[in-house]
Amino acid sequence: MGYNMNNRDPLVEGYISTLDNESREVFIFMRDQFEQLTDDGDNYDPEKHDEIISRLAGEKFGVSEEVSAKIYEDVSVGIHKVQMERQNK
């Protein structure tokens with residue numbers, strides 16, 4: 001899927017670096033877990049992996065599954081906006 005650490009988009013990574021510490025750490029942890037557990041997205045099953053990874057992030061960072069999922073979703077929306085802005089230039 002092109003999300004692995006060997007193929008990072010510098011614009012996206014720049015955006016991620018501007019986030020508050022909690023959002024950045026939770027997002028990067030979850031992104032890494034998605035890559036590992038889904039073979040870089042090749043075997044992604046949202047019904048299975050979303051819950052597992054949200055739970056793992058919640059446990060690691062001391063937040064609920066809902067909070068970790070919301071952080072991931074919010075950062076993903078921000079990334080999409082950054083990518084769309086680049087595309088529209």
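As the structure is a prediction and not an experimental result, all values here were calculated from the model.
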Query - Smallest separation among heavy atoms of Val63 and Glu22, with atom names - result: CG1-OE2, 3.6 Å

Report task. Can you measure from CG (Asp50) to CD (Glu65) and round to the nearest 0.5 angstrom? Result -> 11.0 Å

Report task. Might you point out which heavy atoms bring Ser17 and Arg24 nearest each other, and give the distance in Å? Result -> O-NH1, 3.5 Å

Report task. Evaluate the side-chain proximity of Thr38 to Asp45: yes if any heavy-atom separation is below 4.5 Å, no if none is. Result -> no

Report task. Test Met30 against Ser54 for side-chain contact (heavy atoms from CB on, under 4.5 Å), laying out the working first. Result -> CA-CA 7 Å; Met30 291 180 74; Ser54 293; 3.8 Å; yes

Requested in this report: Report the relative orientation of the aromatic rings in Phe34 and Tyr72; use parallel for angles under 30°, tilted for 30 to 60°, perpendicular for over 60°.
Outcome: tilted

Requested in this report: Could you give me the CA-CA distance, side-chain angles and deciding distance for Phe61 and Leu56, then say whether side-chain contact (heavy atoms from CB on, under 4.5 Å) is met?
Outcome: CA-CA 9 Å; Phe61 295 101; Leu56 291 171; over 6 Å; no

Query raised in the report: Are Glu25 and Arg31 close enough, and set up right, to give a salt bridge (charged side-chain N to carboxylate O under 4.0 Å, His left out), and what steps lead you there?
Result: CA-CA 10 Å; Glu25 290 178 13; Arg31 177 179 68 181; over 6 Å; no

Query raised in the report: Can you tell me how far the CD1 atom of Ile52 sits from the CG atom of Leu37, to the nearest 0.5 Å?
Result: 6.5 Å

Query - Heavy-atom check, side chain of Val82 versus side chain of Val12, under 4.5 Å - result: no

Report task. Could you walk me through whether Ile79 and Leu11 pass the side-chain contact (heavy atoms from CB on, under 4.5 Å) test, one step at a time? Result -> CA-CA 9 Å; Ile79 289 170; Leu11 182 68; over 6 Å; no

Report task. Please report the closest heavy-atom contact between Tyr15 and Gly78, naming both atoms and the distance. Result -> OH-CA, 3.4 Å

**Report entry** Pair Asp32 + Lys60: basic N to acidic O under 4.0 Å
**Finding:** no

Query raised in the report: Any idea which heavy atoms bring Asn43 and His49 closest together, and the distance?
Result: O-CE1, 3.2 Å

Report task. Measure the CD-CD distance between Glu73 and Glu66 for me, rounded to the nearest 0.5 Å. Result -> 12.5 Å

**Report entry** Residue that, paired with Ile71, satisfies side chain to side chain contact (heavy atoms under 4.5 Å, CB included) out of Leu19, Asp20, Val26
**Finding:** Val26

Query raised in the report: Thinking salt bridges, do Arg86 and Asp9 make one under a 4.0 Å N-O criterion?
Result: yes

Query - Ionic contact status for Lys70 with Asp74, cut-off 4.0 Å - result: yes

Query - Exceeds 12 heavy-atom contacts within 6.0 angstrom, atom CD of Gln83 - result: yes

Query raised in the report: Are the side chains of Phe29 and Ser68 in touch, meaning some heavy atoms are under 4.5 Å apart?
Result: no

